[in-house]
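Only one structure is covered here, and it is reproduced in the block below.
Numbered from 1 within each chain, the chains take letters A, B, ... in sequence-line order. Only this structure's heavy atoms are used, side chains among them; waters, hydrogens and symmetry mates stay out.
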Protein chains: 2
Amino acid sequence: MSDLAIPPRPTLAAVAELAGVSASTASLAFSGSGPVSAATRERVLAAAEQLGYGGPDPRAAALRRGRSGVVGVVMEDRLADAFRDPINVAMLDGVADEAGAAGAGLLLLTESGGEVGQLTSAPMDAAILVGCSTRLDESVDRLRRRGLPVVAIEADDREGVLTIGLDNREASAAGAEHLRSLGHTSVAVVALPLDGTGGGTPLPADWESRATVHTTIERLRGLRDVYPDFPGVVATGSTIEAGMDAGRELLALTPRPTAIVAQSDLLAVGVLRAAEEAGLRIPHDLSVIGFDGIRPELVRPWDLTTLVQPAQEKGRAAGAAVVRLLAGETPEPACFRCALHVGATTGPAPSVR
Amino acid sequence: MSDLAIPPRPTLAAVAELAGVSASTASLAFSGSGPVSAATRERVLAAAEQLGYGGPDPRAAALRRGRSGVVGVVMEDRLADAFRDPINVAMLDGVADEAGAAGAGLLLLTESGGEVGQLTSAPMDAAILVGCSTRLDESVDRLRRRGLPVVAIEADDREGVLTIGLDNREASAAGAEHLRSLGHTSVAVVALPLDGTGGGTPLPADWESRATVHTTIERLRGLRDVYPDFPGVVATGSTIEAGMDAGRELLALTPRPTAIVAQSDLLAVGVLRAAEEAGLRIPHDLSVIGFDGIRPELVRPWDLTTLVQPAQEKGRAAGAAVVRLLAGETPEPACFRCALHVGATTGPAPSVR
DNA sequence: CGGTTCGATCGAATCGATTCGAAGTGTCCG
DNA sequence: CGGACACTTCGAATCGATTCGATCGAACCG
């Protein structure tokens, strides 16, 4: 515990001198690229050992190489919020898989982070935008100006950005279709935040023009494709608590909806708890459908009807895209598809039973 | 989607030239530190705008300044595993809070990541070691040689490393004491991994000498302080599934233990499910105690008796320590305390009822 | 009206490694 | 025995910004 101070670090030049070789040779010995005799390498390594040299300074190497081996993962919210939803974790896992395999570290950034913005000052080779929205334009702009390749997950197609998409609209429509086929005519929605602010309010009629979060809009559109008109609540985030709050509000509506569409599984679980609290039987009195397909154990004891998205695959695709982009290739944008899992939380509408 | 190629980036020198000032002045204009007339700043900024200059290259700035504004967070496992346990997420959240406030980004690294090791080649100013074990020595060594301040969370005290601790042993003992006061004489443990490998096996008698994960050892010691002898299973990780597997095994023992000590709440939930599966009533037939104190909703419907650790605080402390270390100060090591939350999963031992 | 002081701007050195072409040393073959 | 070739090693330029001391002007004061 005593000596946390950092002693002056020896440089490659110092090592080279001690080893009796030039700096360039020493560099070759470390990087491994280039022809260096075994004996020389030994000598350099020994000198490094003797001086307590820990290898080339990544900062200098990054400057010279023009690469820092870091991929930025940009999230809008506080990091905690981002980690709170298992679907993000799964996705991040996929990213880490691919990027990590290529030797890149993941730098977690928030759009709001820092004063001038970490986006501008963080050393990275490329960026992955996650859960994009309002500030996306600004973020993309900042990143592009820095000359960084940008991959966005679930965002509008836009110039200079490779998009990894999800069939949010079609999937939502499929879910809604499932409800309609069960005879539901009165459905309500618990929407994800529209624009990163507030929430906890009724879904405004002009959501389509007001909302800025791509995912939220698309999922709402999908629902509207089947049910032209529906009431709803905007959740404060993708959490069980937010889902409960929203669920309570929707269940207090008159007439009470016979089905609730939640835009994430966590929200759905919250709704289910609110329903339970209200003494409703699922799916007898109320059908609930989620979105994401997080691990079943987290939804337990319910077998949630939901749209299962290949989150980890999505992450992998983003990670792989970044890697290829950095390699100078031009990967194709991708769009993943969800699968409807019909569980035990949806059933025939009460009125038609 | 068309132009993902990266056009050659203008440099500060180019901007300076266009603005008709020297590079040094342009630098001042951007960094804001130093006296620059408003007019000049305007001109420089305008020139930057015109050239599409996105600000100083962080790599070059990092080299010159000797700072990259990045704090490495080193985890042993795959990232996904680390995120899987909410307690880690909470802790990471704390770290992000403090580090983020100081303008630092979080670089996620794994000890095994990359070939030569990201630990050696990642640009960062300091490192926080999380969930440390076997490879800790090597990791610390590598980092220290690079001259980086190192903060370790829950690790043995060691030279050159600032430790943020937790009273794992005392807390575990308190939990065990709680069980003993309820009359339990036959307790079993579901241990966290001993050394990052395998698991899913009975707890070996020589765990104390074999195990390398600090947290696991300390918690086992705490239990032994109260119960000198106990059977156990080593889980494959801190997950509900692993807890279920371990729970099934322990419940199959003869005689069946009347209480099970799980070394994490997720494991405890798994044990509870295994108990439920076996038709046991909680706490009538079996008492279960966890460790961590993750959010109650995740443990629902149980009110788990557990040792609540201030995970986020721990993270904040680590983050704050790193920030202070980087500021040249010498923060004190800290040790946090757990609080026993007596829930509804522990009760009098069957035999004494 | 000259000297002083303060503020803005500039030059040049520096951070620490990487890289490419050139030079040096042996070896092998004709 | 001389020339070509292979393999190492070395020098020097470069990556792009930051920073410190010096310079230059102008305003201010006596």
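- Surrounding CD of Gln312(B) are more than 12 heavy atoms belonging to other residues, nucleotides or ligands, all under 6.0 Å away.
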*After noting the C-alpha distance and the side-chain angles of Glu159(A) and Arg144(A), does the key distance pass the salt bridge (charged side-chain N to carboxylate O under 4.0 Å, His left out) rule?*
CA-CA 10 Å; Glu159(A) 190 69 25; Arg144(A) 294 294 301 169; over 6 Å; no

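- At whole-Å resolution of the value, CZ in Arg59(A) and P in dT18(C) are 14 Å apart.
- A salt bridge does not link Glu332(A) to Arg324(A): none of the charged side-chain nitrogens sits closer than 4.0 Å to a carboxylate oxygen.
- Using a 30° and 60° split on the angle between ring planes, Phe83(A) and Phe83(B) fall in the parallel class, below 30°.
- Test Val44(A), Val21(A), Leu12(A) against Ser27(A) for side chain to side chain contact (heavy atoms under 4.5 Å, CB included) and you get one pass: Leu12(A).
- The phosphate of dG16(D) has neither OP1 nor OP2 within less than 4.0 Å of any side-chain N or O from Tyr53(B).
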*Could you run down nucleotides 5-15 of chain C 5' to 3' and tag each one B, S or - for protein heavy-atom contact under 4.0 Å?*
---SBBB-BBB

